[in-house]
Each structure stands twice: as structure tokens, then as C-alpha cells.
Amino acid sequence: MNEDLERLIALHDIDQLLREIENPQYRDLGFEVKEQRKADLNKARQEIVESLPESIYRKYERLRAKYGRGIAPVVGGICMNCFIQMPTAVVGMGQKNQQLETCSNCGIFIYWV
Amino acid sequence: MLEKLLREDRVILDMKAKTKEEALKELLQPLHLDPEKEEIVYDALLKRESIGSTGIGKGIAIPHSRSLVLDQVALVVGRSKQGVDFDALDKKPVYLFFLLLAPPQDPGTLYLITLGKIAHVARKLSRRKDFMDIEDPKEFVEYIRKLLEEE
């Protein structure tokens with residue numbers, strides 16, 4: 001897998017976790033969330049950010065501001081952000097996830113599941 | 001939803017793990033993820049544990065995470081006869097694990113509702129001991145299904 005793609009996935013998973021633990025419905029389930037440990041999680045996030053090329057991170061944040069996420073999975077050839085079928089030529093292409101790609105419709109970074 | 005996620009091929013009745021890290025890795029085995037995906041999911045689970053243990057006490061833990069690399073919701077149930085030091089809320093060993101994983105695009109409520117149901121069943125199980133004697137995964141799944149039907 002492309003290294004920057006791997007970093008973006010880790011960044012996405014941390015962002016989703018940070019969002020989820022603030023969700024009142026999640027809070028109601030009663031799982032332990034130590035407020036002071038959130039700082040450690042943010043530190044781990046920062047380390048990933050620093051390992052990414054600046055242009056990629058800036059694009060990730062732009063996409064996140066627009067769509068609520070910077071990267072989306074492609075399942076069955078369909079981008080799970082815009083739900084548009086990827087072009088057949090791209091779907092059939094080998095070596096998926098070996099380079100950083102974006103959806104040809106919405107522009108979000110993509111990961112082929 | 002929870003009933004459908006319970007599968008006998010995703011039940012481990014004699015976990016070998018002794019630590020939290022080993023337990024999370026062992027619980028991922030029945031999903032047969034490719035190594036790259038497995039490492040990413042393991043990392044996401046560890047990050048969730050880093051902000052507070054999912055060991056809810058009374059011998060039960062419900063590790064859970066969403067990850068971009070997952071394409072469906074999955075549940076793995078694990079039982080450890082010797083117990084695992086999982087840094088649980090009551091600091092006691094964990095004997096029963098419910099690992100719940102979900103993709104990011106899974107509707108939020110569905111994942112959280114399932115998580116809530118697992119927590120509910122787990123609380124019921126915490127008042128019982130007989131599930132520790134079951135040796136057949138199929139029987140174990142039926143045992144939990146019956147608890148769900150009692151709702």
C-alpha cells in the first residue's frame with residue numbers, strides 16, 4: 001500500500017474516533033473515555049500529520065471541511081462519499097492502493113476496499 | 001442485527017492471550033483480514049483503548065472500532081478461561097470479549113445500537129457463570145441468542 005495512503009487512513013480513523021467519543025449517543029453507552037488521554041490521541045494525530053507531505057494534508061483538511069471526511073472507501077467500484085460508480089477503466093485497473101488516488105467525481109482521496 | 005452478526009466461526013472458546021495486545025490480535029484472527037488491513041484495524045483498536053479501556057468490568061470487555069479498511073460490520077466473541085489483564089474498569093481479569101468492528105459508512109445509529117445491545121447482553125452475562133462451561137461454538141452462539149430473545 002502507498003505510504004501516504006496508509007497515513008491518511010490512520011488519520012481518518014483517529015478523526016472518526018475523536019468525533020465518535022463526543023457523540024452523546026456513544027457517551028450514553030458508558031464506555032470509559034479519559035479526557036486527559038485525548039491529548040495523547042491528538043499527539044498521535046499530529047505525528048501522522050507531520051509525516052505527510054503538506055500539500056496532501058492541506059487537501060485532506062479541505063475535503064474534510066467540505067464533506068466531513070478527507071478520504072472515502074470505494075466499495076464495489078462505488079465511491080462511498082458521492083456514491084458515483086468509478087469509470088470502468090479505473091475499476092478494472094490493477095495495483096489498487098499502490099498510489100494515492102482521488103475520486104474522479106467528487107475529488108476525495110479514495111481507498112479501494 | 002446482533003443476532004445476524006453472531007457466527008460460530010467467529011467464536012473463540014479458549015483464547016490463549018495473556019495481555020490486552022495479544023487478546024486484540026487473537027480476536028482479529030477469525031476475520032481473516034489481509035495482514036495490511038489487520039494491522040490498520042489493530043492500530044485503530046489500540047487507539048480506542050488508549051483513551052480508556054473497553055473492559056467494562058465483571059470479567060467482560062467490548063473492544064470496538066470503525067476503520068476505513070473494513071467493508072462490513074463484524075463481531076467476534078472470545079472467551080478466556082484463565083482471564084486476560086485488560087486494564088478493565090474494576091481492574092479484574094477479563095474472561096469474555098465482544099469485538100465489534102464497523103466500516104465508516106455504516107450508519108452511525110446502527111453501529112451504536114449494536115454496541116448498546118452488546119453492552120446490555122454483556123451485563124446479563126456478568127451475572128452468570130454457566131457460559132464458561134460451554135465447549136461447542138454452536139452451543140455458545142445459541143446461548144447468547146437465547147439471552148437476546150429474552151428481551
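Worth knowing before you read on, the calculation uses all heavy atoms, side chains too, and leaves out hydrogens, waters and symmetry mates. Each chain gets a letter, A, B and so on, in the order its sequence line appears, and its residues count up from 1.
- Distance CG/A:L18 to CG/A:L41: 4.5 Å, rounded to 0.5 Å.
- Heavy atoms of A:V75 lying under 4.5 Å from chain B belong exclusively to its side chain.
- For B:I56, the part sitting under 4.5 Å from any heavy atom of chain A is the side chain, from C-beta outward, and nothing else.
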With 3.5 angstrom as the limit, list the donor-acceptor pairs from chain B to chain A, or say none if there aren't any.
unit_1: B:E36; atom_1: OE2; unit_2: A:M1; atom_2: N; d: 2.9
unit_1: B:R48; atom_1: NE; unit_2: A:Y26; atom_2: OH; d: 2.7
unit_1: B:R48; atom_1: NH2; unit_2: A:Y26; atom_2: OH; d: 3.0
unit_1: B:R48; atom_1: NH2; unit_2: A:E32; atom_2: O; d: 3.0
unit_1: B:S50; atom_1: O; unit_2: A:R37; atom_2: NH1; d: 3.0
unit_1: B:I51; atom_1: O; unit_2: A:K34; atom_2: N; d: 2.6
unit_1: B:S53; atom_1: N; unit_2: A:E32; atom_2: OE1; d: 2.8
unit_1: B:H64; atom_1: NE2; unit_2: A:Y26; atom_2: OH; d: 2.5
unit_1: B:R66; atom_1: NE; unit_2: A:E20; atom_2: OE1; d: 3.4
unit_1: B:R66; atom_1: NE; unit_2: A:E20; atom_2: OE2; d: 3.1
unit_1: B:R66; atom_1: NH2; unit_2: A:E20; atom_2: OE2; d: 3.2
unit_1: B:S67; atom_1: OG; unit_2: A:D13; atom_2: OD2; d: 2.7
unit_1: B:L68; atom_1: N; unit_2: A:D13; atom_2: OD1; d: 3.1

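- B:M132 and B:L96 fall within the same hydrophobic cluster, defined by Ile, Leu, Val, Met, Phe, Trp and Tyr side-chain heavy atoms under 4.5 Å apart, directly or through other members.
- The CD1 atom of A:I108 lies 8.5 Å from the SG atom of A:C82; values are rounded to the nearest 0.5 Å.
- Of the two parts of A:I21, only the side chain, counted from C-beta on, holds a non-hydrogen atom closer than 4.5 Å to a non-hydrogen atom of chain B.
- Remark: B:K146 does not engage B:E149 in a salt bridge, criterion side-chain N to carboxylate O under 4.0 Å.
- There is no contact between A:A39 and chain B, counting heavy-atom distances below 4.5 Å.
- A:M86 and A:I84 fall into different hydrophobic clusters, defined by Ile, Leu, Val, Met, Phe, Trp and Tyr side-chain heavy atoms under 4.5 Å apart, directly or through other members.
- Of the atoms belonging to B:L89, it is side-chain heavy atoms, and not backbone ones, that fall under 4.5 Å from chain A.
- Shown here is B:K81, whose NZ atom has more than 12 heavy atoms of other residues, nucleotides or ligands within 6.0 Å.
- Grouping the Ile, Leu, Val, Met, Phe, Trp and Tyr side chains by contacts below 4.5 angstrom, directly or via other members, places B:L5 with B:V76.
- At least one donor-acceptor pair under 3.5 Å links the side chain of B:R79 to the backbone N or O of B:I134.
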